[in-house]
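Taking it in order: structure first as structure tokens, then the write-up.
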Amino acid sequence: MPTVDVSADELRRLTGHEEKDDEELKDDLFALGLEYEGETEGGDMQLEFAPDRLDRLSIEGVARSLRYEYGDDRGIYVPKPNDPDWVIEVDESVPEERPYVTGAIARGVNLSEQALDSLIQLQEKLHSTMGRKRAKGAIGIHDLTMLKGSSATDEGGNSIEYVGVDPDGDRFVPLDADAEMTPAEVLRSHQTGEKYADLVADHARYPAIYDDIGLFSFPPVINGRRTEVATDSRDLFVELTGTDQWTIDKMCTIICYALDARGATIEEIEVEYPDHTLVRPDLEVTTKSVTHERIETLLGVDLGPDEVLDLLERSGLSGEASEEGDSVVYDVEIPPYRVDVLHPVDIVDDIGRAYGFNDLSPRYPDVGTVGGRHERSQLEDAAREVLVGLGFEDLLNFHMISEEENFERMRVETETDVVGGGTPATIKNPYSEDYTMLRTWALPSLMMVLENNTHRSYPQDLAEIGLAARVDESENTSVAEHRTVASVLARHDASYEDAKARLQAIARNFDAELETPPTEHPTFISGRAADIVLDGQTVGVVGEVHPEVLVEHDLELPVAGFEFRLDALE
């Protein structure tokens with residue numbers, strides 16, 4: 001989950017509630033869904049939050065949400081931008097792989113050290129989330145006073161160009177450098193250029209932005225040193241390029257709201273494509289409808305229409321109630337920075353948070369039966385209890401993963417019959433390149449945990465009972481899901497025998513007959529792997545993890561592990 005570093009003192013100042021101590025702030029933040037995860041070395045709070053609320057990637061966005069929670073702000077706020085004085089002209093030479101651009105001007109911004117750090121953090125967090133590590137959208141922020149625009153119209157104005165350039169064409173001084181470089185030299189010789197080289201290296205022409213002086217931005221890689229932003233910068237030019245206009249427009253809007261909170265006046269710009277012109281930033285308010293009945297049904301509380309409208313305003317939304325037949329319908333206005341409101345249920349969620357989820361009282365549904373634990377859930381609990389009793393630490397990982405983690409780093413190929421193989425259920429338009437499919441097995445998730453915990457002491461014995469899935473056209477949904485049991489033993493003497501001994505203990509606890517005939521599996525060492533056969537059915541694999549897999553995960557100790565289907569224990 002994304003985390004944001006927030007200064008408690010700065011948060012108190014931005015909210016206007018100096019009387020709040022740290023514990024009160026933590027409670028208020030938790031009510032918003034922001035969990036306190038600890039402190040940085042500098043004493044800032046680290047907050048973890050759901051990745052849908054990208055407007056909270058900065059302290060300004062967190063403070064805005066708190067002001068609504070406290071009742072200091074109500075309803076929708078939309079900055080009133082000044083008319084455009086700058087134009088971005090999009091040349092036909094722009095690489096077709098990165099055809100879109102947007103931007104805004106922010107004048108009179110107050111950039112203290114903390115404000116500048118927050119802006120940089122927001123930029124990088126947007127890059128890693130919505131921008132998909134700059135592949136889908138990349139942000140450049142420049143000191144406007146260092147730009148010289150060409151005359152845009154007969155009436156005046158300033159123009160800059162978004163163009164495609166030859167890799168060994170014009171030279172510029174990139175950030176954190178002292179010498180001029182061509183774009184190709186940046187990719188070869190600059191630390192940042194090397195990091196993001198794969199985003200543009202295959203392009204025949206590289207994206208670049210010019211003013212009347214010359215090249216000052218090489219998106220999505222790096223900005224020029226000439227326009228570097230400092231604490232004494234007061235007027236900023238924000239430009240974004242990417243593969244999708246909606247994505248970069250929304251990223252731009254979130255930045256504009258953060259700068260507005262720092263005292264900036266937002267100014268529009270014109271984006272002139274060869275066949276159409278846009279005026280940005282996009283601060284359009286959208287509207288969605290939700291019925292009163294749906295709100296009460298989902299929240300389980302009785303609310304009056306006036307109370308619903310009040311809760312909407314306390315959520316940073318605005319609404320109007322109207323009667324349609326026997327029901328009341330709310331037309332809800334959504335501010336432009338809320339990229340997460342995609343469905344009426346999202347509005348109900350906001351109403352519930354404003355009401356206070358802790359104030360909701362559970363009630364029995366109006367049915368003639370009382371619920372109980374499902375048999376599968378009982379089996380999971382029993383298996384989990386055995387694993388913990390054997391010394392395993394119980395984990396809960398994401399069911400979504402990337403193809404690289406699920407297959408490549410585990411030496412497993414798709415469309416094979418081995419445990420972890422098969423055809424994955426992939427996401428057509430994934431929000432992040434880290435989560436592009438449902439995992440086909442849980443062992444990769446445990447290896448990722450080991451990789452992220454090499455700084456912790458050993459032994460590390462980890463286990464998880466979770467979901468796995470693969471494409472199966474015989475299923476009604478075309479996807480076959482099952483619960484899987486996976487474990488790893490990471491220690492200096494981890495062996496096949498250690499993993500098998502724990503398997504035998506599990507089998508005994510469930511009165512299952514265990515057999516382990518030798519097998520070959522690409523994730524495990526040849527000759528040190530076996531099928532897991534329970535009551536005559538092959539349900540998994542056990543063995544010592546292959547050295548190539550260990551090296552891929554930066555592990556220096558041997559690892560043994562196993563994985564099998566949970567339903568084999570029934």
Side-chain angles (χ1 to χ4, degrees), residues 395 397-427 430 432-452 454 460 462-475 478-490 494-496 499-500 503 516-534 537-568:
L395 300 183
N397 288 303
F398 292 127
H399 297 156
M400 295 189 66
I401 199 169
S402 68
E403 283 92 339
E404 180 184 11
E405 296 287 356
N406 192 86
F407 296 115
E408 295 175 22
R409 302 188 75 198
M410 302 296 290
R411 302 178 74 240
V412 172
E413 295 183 3
T414 60
E415 315 300 335
T416 57
D417 294 330
V418 299
V419 175
T423 305
T426 57
I427 308 302
S432 167
E433 63 182 15
D434 294 327
Y435 306 105
T436 60
M437 57 168 279
L438 286 173
R439 65 185 182 184
T440 58
W441 57 330
L443 202 60
S445 300
L446 298 184
M447 295 299 294
M448 291 166 64
V449 174
L450 291 177
E451 181 179 17
N452 292 327
T454 55
Q460 294 182 27
L462 312 177
E464 179 182 3
I465 300 177
L467 178 77
R470 63 173 65 184
V471 172
D472 185 346
E473 297 298 338
S474 66
E475 296 286 336
S478 296
V479 175
E481 301 179 6
H482 69 275
R483 310 297 288 185
T484 186
V485 181
S487 77
V488 289
L489 303 165
S495 67
Y496 166 82
K500 181 179 176 180
L503 265 178
T516 53
T519 191
E520 294 291 326
H521 191 289
T523 299
F524 300 97
I525 299 173
S526 179
R528 303 295 290 171
D531 284 329
I532 298 174
V533 180
L534 291 174
Q537 183 179 5
T538 302
V539 294
V541 65
V542 57
E544 295 178 17
V545 176
H546 197 284
E548 289 184 10
V549 178
L550 299 180
V551 171
E552 179 65 32
H553 290 84
D554 295 326
L555 299 175
E556 299 179 356
L557 292 177
V559 175
F562 59 79
E563 179 157 351
F564 63 92
R565 293 177 63 102
L566 174 67
D567 54 17

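Owing to the predicted nature of the structure, the values given are computational and were not obtained by experimental measurement.
Of the residues Glu415, Arg470, Glu473, the one that meets the side chain to side chain donor-acceptor pair (under 3.5 Å) test with Thr423 is Glu415.
A 4.5 Å side-chain heavy-atom check between Ile427 and Thr436 finds every atom pair outside the cut-off. No side-chain heavy atom of Ile401 sits less than 4.5 Å from a side-chain heavy atom of Tyr435. In this structure the side chain of Leu446 reaches within 4.5 angstrom of the side chain of Asn397, judged on heavy atoms. Side-chain contact between Val485 and Glu563 is absent, with no heavy atoms from C-beta onward closer than 4.5 Å. Within the 4.5 Å cutoff, no side-chain heavy atoms of Glu481 are placed close to those of His399. Counting only heavy atoms from C-beta outward, the side chains of Thr440 and Phe407 approach each other to under 4.5 Å.
Judged by distance alone, the side chains of Glu544 and Ser495 never bring a donor and an acceptor atom under 3.5 Å apart. With no hydrogens or angles considered, no side-chain donor-acceptor pair links Glu433 and Ser402 at under 3.5 Å.
The aromatic rings of Trp441 and His521 sit tilted relative to each other, their planes meeting at an angle between 30° and 60°.
Look at Arg439 and Glu464 and you find a salt bridge, because one of the NZ, NE, NH1 or NH2 atoms lies within 4.0 Å of a carboxylate O, short of that distance.
Of all non-hydrogen atoms in Val479 and Ala469, the two that sit nearest each other are CG1-CB, 3.9 Å.
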